[in-house]
Amino acid sequence: GSSSSSAPSSWSTTKPTATNAGTYYIWAKSDASTNYNAVSQVYKASATIGKAMNPLAYASTQSVTKNFSTSAQTQSLAAATNGQGTVSYAIQSQVNSSSNTVSYFTLSGTTLTVAANTPVGTYTVVVRATAAGNDNYNSGTKDSTVTVTVNKATPSLTFANQSINKIFSTSAQTQAVTAATGNQGTLSYTIKSQPAGNYFSISGTTITMKASTPAGSYAVVLTATDAGTSNYNSTSKDATYTFTVGKAGNPMTVTATQSGSLTFITSAQNKSFTAASNAQGSVAYTIKSQKSGSTDVTYFSIPTNTTASFQAKASTPVGTYTIVLTATAAGNDNYNSSSKDITYTLTVGKATPSLTFANQSINKTFSTSAQTQAVTAATGNQGTLSYAIKSQPSGDYFSISGTTITMKASTPAGSYAVVLTATDAGTSNYNSTSKDATYTFTVGKANPTLSVTGASSLIYNGNAQTLVDRDRKSVV
């Protein structure tokens, strides 16, 4: 047999066979044998082997699952098998779950491409495999129904931990949430956990810390929730907001400039000043410096440092002193300690002596000679004493020099009220002062001494003659 229609050049005594499809020509002749003569005629016949059906096999159904993506995605489909000839693939149809035609899918070979932003849903894609066939097989096709499921994607939500510093306050304080990123839907925020005390709340994107939240560290766990969309799942992410509440500055206030006065005294004396106010924690006072002009002094101290009072030493000299006091508030759990200075100007004034000058009653006897009387000294003076006659009755019988009063000679008997003034000249620490005393002089009558001398050598002359030569009256 031969596929050629021309007579063969060689012959075989075996019946011809063929495997491949095609049309074959058979030539036959008969040679002589023992029992038969040769046949001179050559016989020709034809035989045809037809092409077989292509044995192409292809899965009737397939499934592909993807999550929504803003980028194109690919998926290798199962290949057809047993195909004779080149096998090619093509999409015959693609519809969504509502049987509406879509165009989200393309095919290259067995690689299915899902277009970027293909909406979430279920799609039916019919893919046809075509085997081209060959000499022995016809071409053939098989369809595979591919169910493509696009699920919602889960956003890559980022929500970072934060460290936040606050200062203690008696007012509520707020803090904006640092927004989560990578969300696809609407974001919302809640407090997942916080330390005991429930000092924190949230509304929208604003965290509120209660008034008077104690100083300390607070780990507040927030949850950011992405509500999701038609293509994205809802998802949540936690972040820890660490609030460090520092101590506030101490609100202590002082009257920074103060002044006052004392009077010189020989004993210690205390002087109060205006205390600090609004302090947090106990307040203690110390003396930072003390000066008279530019000279340091040591006259002042604070006996009890929790009392707003300082002490001046006994006999602190008269003068003006600048005392710098320091008020220190110890602070507490929520407030730092704090110190503030007070500049106190103290004026120590002169004291006035308590001068005593007593009235006196003095008896004198009339005399034709001047008489003296010592002043009974005033007491309680601090400086030099001097005395003067302030007033006396008419006649000006009395005068004074130093501490001696002189009554004139022949000052008539009687009573004389002489007002003396004792004057203390004062010192650097004491004022000058005066005190009056009444010296009552009582001048009594004197007792005279009488003597008579008779006249001698008188001669009658006819006239009256004095018989007394001399008489004398003296005051004893």
Side-chain angles (χ1 to χ4, degrees), residues 161-178 191 194-203 206-220 222 240-262 268-292 294 296-313 320-347:
N161 296 334
Q162 302 290 332
S163 294
I164 299 160
N165 293 318
K166 295 288 184 184
I167 298 297
F168 175 84
S169 175
T170 54
S171 300
Q173 301 182 68
T174 60
Q175 177 65 42
V177 174
T178 300
I191 292 177
Q194 61 176 299
N198 292 326
Y199 297 114
F200 300 87
S201 59
I202 193 167
S203 176
T206 301
I207 303 167
T208 299
M209 184 174 74
K210 285 182 180 178
S212 300
T213 296
S217 182
Y218 301 87
V220 181
L222 300 182
T240 299
Y241 274 48
T242 301
F243 285 82
T244 300
V245 180
K247 291 184 179 184
N250 206 297
M252 177 182 71
T253 59
V254 298
T255 302
T257 302
Q258 301 184 40
S259 62
S261 61
L262 291 173
Q269 50 186 331
N270 293 328
K271 184 65 178 177
S272 295
F273 54 88
T274 302
S277 59
N278 301 323
Q280 294 293 323
S282 59
V283 179
Y285 301 94
T286 56
I287 291 178
K288 185 175 183 179
S289 66
Q290 48 184 298
K291 291 180 181 292
S292 174
S294 59
D296 291 329
V297 296
T298 58
Y299 298 125
F300 307 99
S301 62
I302 295 183
T304 304
N305 67 0
T306 56
T307 302
S309 174
F310 60 86
Q311 186 176 82
K313 284 183 179 179
T320 299
Y321 300 92
T322 301
I323 305 164
V324 178
L325 305 160
T326 299
T328 300
N332 52 32
D333 290 344
N334 295 318
Y335 290 91
N336 290 311
S337 63
S338 177
S339 295
K340 291 189 176 180
D341 288 345
I342 299 167
T343 300
Y344 195 98
T345 302
L346 177 69
T347 301

Show the atom names and distances, to 0.1 Å, of all donor-acceptor pairs under 3.5 Å that link a side chain in residues 247-254 to residues at least two apart or in another chain.
unit_1: K247; atom_1: NZ; unit_2: N332; atom_2: O; d: 3.2
unit_1: N250; atom_1: OD1; unit_2: M252; atom_2: N; d: 3.3
unit_1: N250; atom_1: OD1; unit_2: Q280; atom_2: N; d: 3.0
unit_1: N250; atom_1: ND2; unit_2: Q280; atom_2: O; d: 2.8
unit_1: N250; atom_1: ND2; unit_2: N336; atom_2: O; d: 3.0
unit_1: T253; atom_1: OG1; unit_2: S277; atom_2: OG; d: 2.8

Do T240 and V220 have side chains that get closer than 4.5 Å, going by heavy atoms? no

Under the ring pair (Phe, Tyr, Trp, His ring centres under 6.0 Å) test, which residues partner Y299, sequence neighbours left out? Y321

How far apart are the closest heavy atoms of A330 and S337, and which atoms are they? O-CB, 3.4 Å

Are side-chain heavy atoms of V177 and I202 found at a separation under 4.5 Å? yes

Measure the CG-CD distance between L346 and Q290 for me, rounded to the nearest 0.5 Å. 10.5 Å

F310 vs I302, test: side chain to side chain contact (heavy atoms under 4.5 Å, CB included). Steps then yes/no. CA-CA 4 Å; F310 60 86; I302 295 183; 4.0 Å; yes

Step by step, would you call I323 with I287 a side chain to side chain contact (heavy atoms under 4.5 Å, CB included)? CA-CA 7 Å; I323 305 164; I287 291 178; 4.2 Å; yes

Could I get the full list of salt bridge (Lys or Arg N to Asp or Glu O under 4.0 Å) partners for K291, not counting sequence neighbours? D296

With sequence neighbours excluded, give me every salt bridge (Lys or Arg N to Asp or Glu O under 4.0 Å) pair touching residues 320-336. none

Minimum-distance pair of heavy atoms, taken over all atoms of A215 and N334: N-OD1, 2.8 Å

Heavy-atom check, side chain of K271 versus side chain of F300, under 4.5 Å: no

Please find the pair of heavy atoms, one from T213 and one from M209, that lie closest to each other, and give the distance. OG1-CG, 3.3 Å

List in chain and number order the residues that pass ring pair (Phe, Tyr, Trp, His ring centres under 6.0 Å) with F200, two or more places apart in sequence or in another chain; answer none if no residue qualifies. Y218, F243

Output, in order, the C-alpha distance, side-chain angles, deciding distance and verdict of side chain to side chain contact (heavy atoms under 4.5 Å, CB included) for T242 and S217. CA-CA 7 Å; T242 301; S217 182; 3.8 Å; yes

So, using side-chain hydrogen bond (donor to acceptor under 3.5 Å, both in side chains) as the criterion, who are the partners of N165 when residues are at least two apart? none

Who passes side-chain contact (heavy atoms from CB on, under 4.5 Å) against T326, sequence neighbours left out? T286, K288, T328, S339, D341

If we ignore hydrogens and angles and just use 3.5 Å, is the side chain of Q258 paired with the main-chain N or O of F273 as donor and acceptor? no

Name all residues meeting the side-chain hydrogen bond (donor to acceptor under 3.5 Å, both in side chains) criterion together with Q175; count only those two or more places apart in sequence or in a different chain, and write none if there are none. K166

Nearest-0.5 Å distance that lies between atom CG in L222 and atom CD1 in I191: 6.0 Å

Residues at least two apart in sequence or cross-chain that pass side-chain hydrogen bond (donor to acceptor under 3.5 Å, both in side chains) with T345, listed by chain then number, are none

Can you see which heavy atom on Y241 is nearest to which on T178, and at what distance? OH-N, 2.8 Å

Correct closest heavy-atom pair for P195 and A219 would be CD-O, 3.4 Å

With sequence neighbours left out, the residues meeting side-chain contact (heavy atoms from CB on, under 4.5 Å) with S261 are T347

Partners of Q311 by side-chain hydrogen bond (donor to acceptor under 3.5 Å, both in side chains), sequence neighbours excluded? N270

Do S169 side-chain atoms and S171 backbone N/O form a donor-acceptor pair below 3.5 Å? yes

Contacts of type side-chain contact (heavy atoms from CB on, under 4.5 Å), residue T170, not counting sequence neighbours: F168, S212, Y335

Looking only at heavy atoms, which two atoms of T307 and Y285 are closest? And how far apart? O-CD1, 3.7 Å

Using modelled atom types only, decide if a donor and an acceptor are shared between the side chain of K340 and the backbone of T255 within a distance under 3.5 Å. no

Just so I know, are the side chains of S203 and T208 near enough to count as touching, which here means a heavy-atom distance under 4.5 Å? no

Show your reasoning for whether side chain to side chain contact (heavy atoms under 4.5 Å, CB included) applies to T298 and K313. CA-CA 9 Å; T298 58; K313 284 183 179 179; 4.0 Å; yes

